[in-house]
S.K.: 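Could you have a look at this structure, given as structure tokens, before my questions?
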There are 2 protein chains.
Amino acid sequence: MARPRSAGYDEQREQILAAAAALFALRGYTATTMNGVAAACGVSKPTLYHYVRDKHDLLAQIARGHVQRLEALVSEVDAAGLAPEARLRELISRFMAAYAGARNEHRVLTEDVRFLEPAARSEVLDGQRRVVDAFASTIGGLRPDLEADALAKPLAMLVFGMMNWTFTWWRSDGAVDSSALAAMVQQLLTGGLPAVQAARGSAGAALRRNAAVDAGVPDVGRRTVPER
Amino acid sequence: MARPRSAGYDEQREQILAAAAALFALRGYTATTMNGVAAACGVSKPTLYHYVRDKHDLLAQIARGHVQRLEALVSEVDAAGLAPEARLRELISRFMAAYAGARNEHRVLTEDVRFLEPAARSEVLDGQRRVVDAFASTIGGLRPDLEADALAKPLAMLVFGMMNWTFTWWRSDGAVDSSALAAMVQQLLTGGLPAVQAARGSAGAALRRNAAVDAGVPDVGRRTVPER
DNA sequence: CCTACCGATCGGTAGG
DNA sequence: CCTACCGATCGGTAGG
């Protein structure tokens with residue numbers, strides 16, 4: 001019968017992942033050394049290698065853990081059964097809070113995914129895609145015409161841009177707190193979404209444009225910038 | 001008298017910077033080798049070192065060149081003397097086009113600035129700050145109350161988030177072209193800006209809140225999320 | 001302009 | 001025999 005793991009195994013593992021995420025976030029994956037990770041954790045390198053197979057596995061554990069937490073967040077919001085607008089607000093609010101509480105892991109996820117080995121990278125990218133799809137389908141619930149034009153996903157990516165970029169410059173000790181930023185993103189999106197127009201050039205827009213022309217309806221979809 | 005530079009010096013230098021930017025964007029600064037840069041350019045390593053002092057100088061030339069082009073863009077828009085809303089649309093449209101045409105340099109600027117040596121890093125960050133300020137002051141022209149609350153700059157950073165993040169996922173051969181994305185950013189911002197509320201907690205908001213209370217005016221500034 | 005090569009430091013693992 | 005480590009050092013490769 002196998003000997004059970006030490007009582008502090010999971011705590012030690014979590015501490016190693018957190019310290020490595022801090023170094024990866026600061027210097028990037030490649031410039032971070034396993035010696036540096038071990039030193040930051042106060043353990044020897046052989047001990048570090050007791051918790052991770054190699055450097056790629058260390059990165060994979062950090063990235064997988066973070067994306068799994070994000071997917072769990074989506075599941076929690078799903079379970080609440082909210083209407084699209086409330087659901088979108090809840091997603092933004094929870095994601096901004098999650099990012100603020102896991103800045104290092106978040107930066108690693110967004111910048112160092114390219115260094116993952118193919119299997120781990122696919123796993124992480126699949127998780128990210130499911131998360132993006134949750135945002136895109138909620139936006140599509142508010143604007144089915146944009147979803148028909150395949151614009152719900154690009155729009156979701158703009159929202160992720162606002163959220164992701166925030167944590168490259170935002171400081172927790174600064175003048176603006178993360179919930180105020182979440183509110184700004186929500187307000188900008190909720191207020192701006194009605195102003196977003198179906199783009200010309202997409203398959204859905206072209207079909208509906210032709211239909212509109214056939215029916216003698218003015219073709220407002222051709223304007224990409226609203227006139228005032 | 002010093003020997004003049006070869007006729008093709010500047011062209012060769014530009015080619016080297018472009019090839020290096022492509023490698024930095026793909027693998028990151030640290031994981032890119034000077035041997036790899038030389039091979040990608042089809043020149044020997046000593047030739048490469050004729051154009052750059054060292055690896056840090058190569059990165060500095062790429063980052064400085066890109067941020068200088070962005071500053072030139074701001075100057076051009078300034079010269080047009082547009083009203084705030086038109087100016088903001090023009091800035092967004094030109095920046096998205098510039099990013100689309102210099103994706104590698106843009107990714108290097110946003111991800112590898114941390115590897116610059118202090119003097120070059122300061123220079124680049126100063127340029128980026130001036131560019132952000134141009135967006136923030138234009139937003140402040142549209143919403144002086146947000147600027148008074150020091151929220152124009154965070155809002156400008158949300159706009160940069162949308163623009164910067166776009167070029168981590170957008171493909172020029174995909175279904176959505178970059179001008180359509182620029183239009184979406186413009187519409188989201190122009191449509192959403194009126195919905196953004198002054199945040200509680202900032203110095204300006206606190207001052208005006210007190211003034212409002214003193215005058216017996218309802219304090220709408222305390223709500224960070226609009227009720228519906 | 002190239003081959004050859006340096007001081008150093010990397011990720012990962014040996015024996016005990 | 002197992003695990004959980006340590007001090008020391010391996011083979012390869014980086015920037016220059």
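By convention in this document, chain letters (A, B, ...) are assigned in the order of the sequence lines, proteins followed by strands, and residues within each chain are numbered from 1.
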S.K.: Tell me: NE2 of His50(A) to P of dC2(D), nearest whole Å?
M.R.: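 So the two atoms are 14 Å apart, to the nearest Å.
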S.K.: Can you identify which nucleotide, out of dG11(C), dC5(D), dG15(D), has its nearest atom closest to the Tyr51(A) side chain?
M.R.: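 Per side-chain heavy atoms of Tyr51(A), the pick is dC5(D).
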S.K.: Is Arg89(B) salt-bridged to Glu85(B), cutoff N-O under 4.0 Å?
M.R.: yes
S.K.: Starting at the 5' end of DNA chain D, what dot-bracket string do you get if Watson-Crick and G-U pairs under 3.5 Å are bracketed, crossing pairs use [ ], other-strand pairs use | and unpaired bases use dots?
M.R.: .....|.|.||.|.||
S.K.: Closest to the Thr47(B) side chain: dC1(C), dC5(D), dG15(D)?
M.R.: dC1(C)
S.K.: Figure out the CG/C1' separation between Asn35(B) and dC5(C), and round it to whole Å.
M.R.: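 Nearest whole value for this atom pair: 12 Å.
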S.K.: Nearest to the side chain of Met34(A) - dT3(D), dG15(D), dG12(C)?
M.R.: dG12(C)
S.K.: Could you give the distance separating dG16(D) and dA4(C) at their C1' atoms, to the nearest angstrom?
M.R.: 13 Å
S.K.: Taking the six-membered ring for Trp, are the ring centroids of His56(B) and Tyr29(B) within less than 6.0 Å of each other?
M.R.: yes
S.K.: Salt-bridged, Asp133(B) to Arg129(B), with N to O below 4.0 Å?
M.R.: yes
S.K.: Locate the shortest heavy-atom distance separating Ala21(A) from Val108(A); write the atom from each residue and the value.
M.R.: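 Heavy atoms only, the tightest pair is O-CG2, 3.7 Å.
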S.K.: Between atom CZ in Arg53(A) and atom C1' in dT13(C), what is the gap in whole Å?
M.R.: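 My rounded result for the distance is 15 Å.
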S.K.: Please determine whether a side-chain nitrogen or oxygen atom of Tyr49(B) lies at a distance below 4.0 Å from atom OP1 or OP2 of dG16(D).
M.R.: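 Answer is yes, contact under 4.0 Å.
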S.K.: Using a 4.0 Å heavy-atom cut-off across all strands, classify Thr30(A) as base, sugar-phosphate, or nothing.
M.R.: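 The answer is nothing, as Thr30(A) stays clear of every strand by at least 4.0 Å.
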S.K.: So Tyr99(A) and His66(A), would you call those rings parallel, tilted or perpendicular, with 30° and 60° as cut-offs?
M.R.: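 Ring orientation, 0 to 90° scale: tilted.
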S.K.: Roughly how many Å is it from NZ in Lys55(A) to P in dG12(C), rounded to a whole number?
M.R.: 8 Å
S.K.: In whole Å, what separates the P atom of dG12(C) from that of dA8(D)?
M.R.: 22 Å
S.K.: If we check side chain to side chain contact (heavy atoms under 4.5 Å, CB included) with Leu59(A), which of these qualifies: Thr32(A), Leu109(A), Asp112(A)?
M.R.: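 Output: one option passes, namely Asp112(A).
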S.K.: To the nearest Å, how far apart are Glu117(A) CD and dG11(C) C1'?
M.R.: 13 Å
S.K.: Just the rounded figure in Å: distance from P of dG16(D) to CG of Leu58(B).
M.R.: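 Checked: the CG to P distance equals 10 Å.
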S.K.: Give a yes or no on whether a donor-acceptor pair under 3.5 Å exists between the nucleobase atoms of dG12(C), that is its base, and the side chain of Lys45(A).
M.R.: yes
S.K.: When you check the gap from the basic side-chain N to the acidic O, do Glu76(A) and Arg94(A) get nearer than 4.0 Å?
M.R.: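 Answer for the salt bridge query: yes.
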S.K.: Nearest whole Å is fine: how far is dT13(C) C1' from Asp57(A) CG?
M.R.: 16 Å
